[in-house]
Amino acid sequence: KIEKFSRKDLDSEIVAISKSSKLLEKKIKEVSKTDSNIVLIGDEGCGKEFVASKIHDSSHRAKKNFKSIDCRLDKNKFEEQLFGSEDNQVIKELGLLDEVNRGTIYLKNITALPDKLQGKILRILDEKKYYRIGALNPNVLDLRVFASSNKKLIDNLRKDLLKKLNFTIIEIPNLSDRKSDVKSLIEIFSSEIFIEKGLKSKKFSSEVITYLIDLNYFKNIFQLKKF
């Protein structure tokens, strides 16, 4: 029963009732056994970061860090957060690449990066090393890279970088393609709220569930969760 799940259970739950989500679940299991880089394609709020974290958690890198960074950040802020900095060989600030070494990094909305920064990412993947800002010597890097994009924007990615990342592409289905999953998703999201608030769990009636499914109001999982 959903209402008996713990917070850990809910966080690890993958709803796969619809055909499209079953195919996605199968793909997640397949790529989790590999160490390939992955491009996740889907509309805003469809669950790309959730899928990325599930793949990491099922991979041999699961005991290492999973970190994400939004590529829509200001260019300077993005570089500071990603690379970190040092001065006269003294570390001023660790970057995400320091924290995620041997783990997985998720580059959210990678197509938002300007061409020059995309080139820096490509260089990191090619050379498997990086420089903190202000550093003279590189740091060796071992990591798996996940990147995401809206399908309409994927052409904004440099072809050489896409080729480097493009070992596996996973398309995340929209909520409109997962209608048979909605009932379970509503139960999970409502149970999360009950657990967080320390409230006794309750269930929506089948009439309410049917109404919400037929409403076609929710465009993605994020909207459904925030409802």
Side-chain angles (χ1 to χ4, degrees), residues 5-72 81-82 95-113 118 121-122 124-126 128 130 141-151 153-154 157 161-175 177-178 180-181 184-185 188-189 192 220-222 224-225:
F5 282 5
S6 67
R7 159 58 64 182
K8 182 178 179 181
D9 292 326
L10 291 171
D11 286 344
S12 63
E13 182 76 359
I14 297 177
V15 175
I17 300 170
S18 66
K19 182 179 179 180
S20 59
S21 57
K22 284 180 179 178
L23 290 173
L24 176 61
E25 184 181 44
K26 181 181 178 182
K27 193 69 174 178
I28 290 172
K29 290 178 179 178
E30 289 174 353
V31 299
S32 294
K33 299 175 184 177
T34 75
D35 202 36
S36 62
N37 298 323
I38 296 173
V39 176
L40 299 162
I41 296 178
D43 291 339
E44 191 79 19
C46 68
K48 296 186 289 294
E49 185 163 0
F50 175 82
V51 171
S53 67
K54 293 305 123 184
I55 296 172
H56 169 79
D57 289 344
S58 301
S59 73
H60 75 90
R61 296 180 184 268
K63 292 183 179 180
K64 301 298 181 181
N65 283 336
F66 172 88
K67 297 286 184 177
S68 68
I69 184 170
D70 195 332
C71 299
R72 293 174 295 191
Q81 288 193 17
L82 184 65
L96 285 182
L97 292 178
D98 292 297
E99 297 177 24
V100 82
N101 205 355
R102 299 183 183 276
T104 305
I105 192 165
Y106 173 53
L107 302 173
K108 189 186 306 184
N109 303 303
I110 191 171
T111 49
L113 284 179
Q118 289 189 30
I121 300 297
L122 177 63
I124 289 170
L125 295 176
D126 278 336
K128 300 187 185 304
Y130 69 98
L141 189 62
D142 169 25
L143 83 170
R144 190 178 189 184
V145 179
F146 297 160
S148 71
S149 169
N150 183 303
K151 191 172 185 178
L153 299 176
I154 194 65
L157 196 62
L161 179 55
L162 179 60
K163 184 177 180 181
K164 195 71 178 180
L165 291 170
N166 190 16
F167 189 92
T168 304
I169 284 185
I170 300 177
E171 290 199 34
I172 314 299
N174 291 321
L175 197 59
D177 299 319
R178 302 182 57 189
S180 53
D181 296 333
S184 293
L185 288 169
I188 289 172
F189 295 154
E192 286 181 339
N220 54 54
I221 292 177
F222 180 78
L224 179 64
K225 188 172 184 178

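The OG atom of S148 lies 8.5 Å from the CD atom of E44; values are rounded to the nearest 0.5 Å. One finds the CG atom of L40 at 10.5 Å from the CD atom of E171 (value rounded to the nearest 0.5 Å). Here L153 contributes atom CG and I110 contributes atom CD1; the two are 12.5 Å apart, rounded to the nearest 0.5 Å. Rounding to the nearest 0.5 Å gives a distance of 10.5 Å between CD of E99 and CG of L82. One finds the CD atom of Q118 at 5.0 Å from the CG atom of L157 (value rounded to the nearest 0.5 Å). In this structure, the separation between NZ on K29 and NZ on K54 is 13.5 Å, given to the nearest 0.5 Å.
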How far apart are the C-alpha atoms of V145 and I124, what are their side-chain angles, what is the distance that settles it, and do they pass the side-chain contact (heavy atoms from CB on, under 4.5 Å) test?
CA-CA 11 Å; V145 179; I124 289 170; over 6 Å; no
Between D98 and Y130, is a side-chain contact (heavy atoms from CB on, under 4.5 Å) present by the stated rule, with each step listed?
CA-CA 10 Å; D98 292 297; Y130 69 98; 2.5 Å; yes
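At least one donor-acceptor pair closer than 3.5 Å links the side chain of R61 to the backbone N or O of R102. A donor-acceptor distance shorter than 3.5 angstrom exists from the side chain of S53 to the backbone of F50, with no hydrogens or angles considered. No side-chain donor-acceptor contact under 3.5 Å links N65 to the backbone of G103. N101 contributes no side-chain N or O that, together with a main-chain N or O of L141, makes up a donor-acceptor pair within less than 3.5 Å. Counting only distance, with no hydrogens or angles, the side chain of S20 and the backbone of D177 share a donor-acceptor pair below 3.5 Å.
Side-chain contact between L161 and L125 is present, with heavy atoms from C-beta onward closer than 4.5 Å. Taking 4.5 Å as the limit, some side-chain heavy atom of L24 sits within range of a side-chain heavy atom of P173. For the pair L185 and L175, the minimum side-chain heavy-atom distance is below 4.5 Å. Using a 4.5 Å heavy-atom cutoff, the side chains of L143 and L97 are in contact. You'll find the side chain of S36 reaches within 4.5 Å of the side chain of R144, heavy atoms only. Counting heavy atoms from C-beta outward, K48 and I170 have side chains that stay 4.5 Å or more apart. The closest side-chain heavy-atom distance from I55 to T104 is not below 4.5 Å. Proximity of I121 to K164: side-chain heavy atoms (C-beta onward) are nowhere separated by under 4.5 Å.
Considering all non-hydrogen atoms of both residues, S21 and R178 come closest at CB-NE, 3.7 Å. What you find for H56 and F66 is that their closest heavy atoms are CD2-CB, 3.4 Å. When all heavy atoms of L96 and S68 are compared, the pair lying nearest together is CD1-O, 3.8 Å. Closest non-hydrogen pair, L107 versus C71, comes out as CB-SG, 4.0 Å. In this structure, A52 and Y106 approach most closely via the heavy-atom pair CB-CD1, 4.0 Å.
Residues passing the salt bridge (Lys or Arg N to Asp or Glu O under 4.0 Å) test with D43: none are found, sequence neighbours excluded.
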